[in-house]
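All values reported here derive from a predicted model rather than from experimental measurement. Values below: all heavy atoms of this structure, side chains included; hydrogens, waters and symmetry mates excluded. In the text below, chain A, chain B and the rest are named by the order of the sequence lines, each starting its count at 1.
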Amino acid sequence: MSHILGVVKQRVSEALVAAFGANGQGMDSAVTPATDSKFGHYQCNAAMGLARVLKSNPRAIATRIVEDLKVGDICEAPEIAGPGFINMTLRKDFLTGRLRDLLGDDRLGVPLDGAHGAAARVVVDFSSPNIAKELHVGHLRSTIIGDCLARVMEFRGHETLRRNHVGDWGTQFGMLIAHLKDRCPEALTETSEVDLGDIVAFYKEAKKRFDEDESFKERARLEVVSLQSGETEAIRGWQVLCDQSRRQFQEIYSLLDIEIEEKGESFYNPFIPDTLEELEKLGLIVESDGALCVYPEGFKNKDGDPLPLIVRKRDGGFNYDTTDMAAIRYRIREEKADRIVYVTDAGQAQHFAMIFSAAEKAGWLGDVEAVHVPFGMVLGEDRKKFKTRSGETVRLRDLLDEAVRRSRAIVDEKNPELDEVTRDQVARVVGIGAVKYADLSQNRISDYVFSFDKMLALQGNTAPYMIYAYVRIQSIARKVGIDLTTLTPDDIATLETPEEVDLAHGILRFPEVIEAVERELAPNRLTDYLFDLSQTFSRFYTENRVAGDPRETTRLALCALTARVLRKGLSLLGIQVLDQM
RNA sequence: GCGCCCGUGGCUCAAUUGGAUAGAGCGUCUGGCUACGGACCAGGAGGUUAGGGGUUCGAAUCCCUUCGGGCGUGCCA
């Protein structure tokens, strides 16, 4: 069953054909949610656009559309307003019927997607930290946004490949392996696991020696050669370093409740020769200053000359242009992706535009949709790149711990009667949820100013506000002594109060919002909706007594559905809910 | 220099992609507790959407231009 917006659009489209024949065929129905609730629930803006084409008066056209508009079963009589807006208000009995359907629908009205075919396969490339370094604030947005988009895709029924394109290959491994051989030679023997401790400190030690000691530098260079030629000891050292890093990454991903599968840069190494050979055969490779280049059209460097993707460096080595070309080819050819989504910072927009253009030129892309999902930087409150007071990059671990610590302090103050274990649980869910929500609720593309105080604020458009709405619903259920999951369609009688009607429509908008999030790859569409729904619920809660009221059962059903939408919506953001806080 | 992105109340942000009188939150001011959890609700004040020009029934949104900021601009990712 399609969502309400879809039904209204369909009806308007039919009316356009009925009113204007062939002229109305394929015309945009121009139906949107009402810009203001005083205009009803949905509005059609088609008449104004048509007026130009048909050289007629927009209000007259609106009248003709309304004459052919068959919506009596879902709306009150449409009204024409202003220059030619057609406003529609949903009937209460229609809303009631839809709510009854939802009570028996565990997908809350959200259909499995048919747009990309029954079983579309989507690659979501996100997070992507570097081995032997650390997840820091620069990885926050990619990780959180990528996870959210992946969750939405999964919910819509796509087979989703969550890919961590970690930086696990490159010249920096020379110095790391050389340092490993000195500091921890036992790591290179086949036996037990070793613990290098803080891998980042290890990296810094190696870097220091590399910068200060010429002979070490030379050894590092030789280790790179060994590694690339597959020499056993070097490979072993590399694996040890990767394992250590992986373990530290996993701690953060667990804390964030994020699943992701690592397929790092090294994974694509075996596919590089074929990739280059194919590009060569296609005549796309040009040698320049000893490097092998592909020149997609339309990109210029600062001298106005064509800008290349360098797929093999002068020294024979490979870089991220190479890997990304091999990776996109692999994802299309081997993994049969229908859609590939790259969640990286906006600064890489040109790079991906070039990769996509080159892949198109090579004939790899075909019907596959490759899309870069850019996002802005995380800024400090001084509007400069977010750093610690001492100028260091902020570690994700520290940031998350701080969020949990602060929310713990708030729980201790607000709800000291909760036991220790519960308060820890609340602190974790609210703290992590607040960090995620603050990020996802921003328009992706703009830079965003990081502030603990604002994200953990207990009011406003924040995670705690929504979780609180959910908690209050659970509290009502406890008060009444009912399991909200046991309500059935028969438990909804009629909708009476304005707050009930608003809440009903809010609940029923969920599917159209999910569709928009998926289409626009814009998580903030979902956060805006959930905030709106929470506010609508709070108004309902204030004005409409549930427990003990004659309308208790219907209202409980509204509460149950609100809770389910909140829980599902928040879970798509990667945020958990609580029964008490 | 060139390319891309951005500029919206004091602050942080929306605006369903060209729709109606530009909406929220924070802060501020006023009101509401016989509490289904006040981490709440109702209301007020606060805007020339950086400036200017254009396109059209209609522009924060599209085009041109000026100013301001960020990022990118061949062997880092």
#### Entry: Nucleotide of B:rG74, B:rA20, B:rC40 approaching A:Asn87 most closely (side-chain heavy atoms)
B:rA20

#### Entry: Contact under 4.0 Å: A:Lys313 side-chain N or O vs B:rC76 OP1/OP2
yes

### Message
Between A:Glu499 and A:Asn544, do the side chains contain a donor N or O and an acceptor N or O under 3.5 Å apart?
### Response
yes

### Task
Taking only the side-chain nitrogens and oxygens of A:Arg472, find out if one of them lies under 4.0 Å from OP1 or OP2 of B:rG38.
yes

### Query
If you round to the nearest 0.5 Å, how far is NZ of A:Lys9 from CG of A:Asp28?
7.0 Å

### Message
I want to check one thing: is the phosphate of B:rC41, taken as OP1 and OP2, less than 4.0 Å away from some side-chain N or O of A:Ser538?
### Response
yes

### B:rG3 versus B:rA22 - spacing of their P atoms, nearest Å
35 Å

### Message
If stacking means aromatic ring centre less than 5.5 angstrom from the base's six-membered ring centre, planes under 30°, is A:Phe39 stacked on B:rA20?
### Response
yes

#### Entry: Any donor-acceptor N/O pair under 3.5 Å between B:rA77 base and A:Tyr320 side chain
yes

#### Entry: Presence of A:Tyr437 side-chain N/O under 4.0 Å of B:rC13 phosphate oxygens OP1/OP2
no

### Task
Quick one: classify the glycosidic conformation of B:rU17 as syn or anti, with syn meaning within 90° of 0.
syn

### Task
State whether the aromatic ring of A:Phe85 stacks on the base of B:rA20, taking stacking to mean ring centres under 5.5 Å apart and ring planes under 30° to each other.
yes

### Task
Would you indicate which nucleotide in B:rA39, B:rU16, B:rC13 comes nearest to any side-chain atom of A:Lys414?
B:rA39

### Message
For the residue pair A:Asp321 / A:His351, report whether a side-chain donor-acceptor contact shorter than 3.5 Å exists.
### Response
yes

### Query
Just to confirm, is there a sub-4.0 Å distance from OP1 or OP2 of B:rG25 to any side-chain nitrogen or oxygen of A:Gln535?
yes

### Query
Quick one: is B:rA15 close enough that its OP1 or OP2 comes under 4.0 Å of any side-chain N or O from A:Asn524?
yes

### Message
Does the structure show a Watson-Crick or G-U wobble partner for B:rG23, both distances under 3.5 Å? Name it, or say none.
### Response
B:rC13

### Message
Between the base of B:rA77 and the side chain of A:Glu265, is there a donor and acceptor pair under 3.5 angstrom?
### Response
no

### Task
Select one nucleotide: of B:rG19, B:rC36, B:rU56, the one nearest the side-chain heavy atoms of A:Pro83.
B:rG19

### Task
Using only heavy-atom distances, determine whether the side chains of A:Asn461 and A:Tyr437 contain a donor-acceptor pair under 3.5 Å.
yes

### Task
Determine whether the aromatic ring centres of A:Tyr330 and A:Tyr268 lie less than 6.0 Å apart.
yes

### A:Tyr541 side chain near B:rG38 phosphate (N/O to OP1/OP2, under 4.0 Å)
yes

### Query
What are the residues of residues 551-559 of chain A, sorted by number, that bring a heavy atom to within less than 4.0 Å of RNA chain B?
none

### Query
Side chains of A:Thr143 and A:Ser127: donor-acceptor distance under 3.5 Å anywhere?
yes

### Task
Ignoring backbone atoms, test whether A:Asn443 places a side-chain nitrogen or oxygen under 4.0 Å from the OP1 or OP2 oxygen of B:rA15.
yes

### Message
Checking A:Tyr470 against A:Arg567: is there a side-chain donor and acceptor pair closer than 3.5 Å?
### Response
yes

### Task
Grab the CG-P distance between A:Asn461 and B:rG25 for me, whole Å please.
9 Å

#### Entry: Whole-Å gap separating P (B:rC41) and CG (A:Asn544)
14 Å

#### Entry: Integer angstrom distance from the C1' of B:rG25 to that of B:rC71
29 Å

### Task
Starting at atom NZ of A:Lys385, determine the distance to atom P of B:rG70, rounded to an integer number of angstrom.
13 Å

### Query
Is the closest basic N to carboxylate O distance between A:Asp211 and A:Lys217 below 4.0 Å?
no

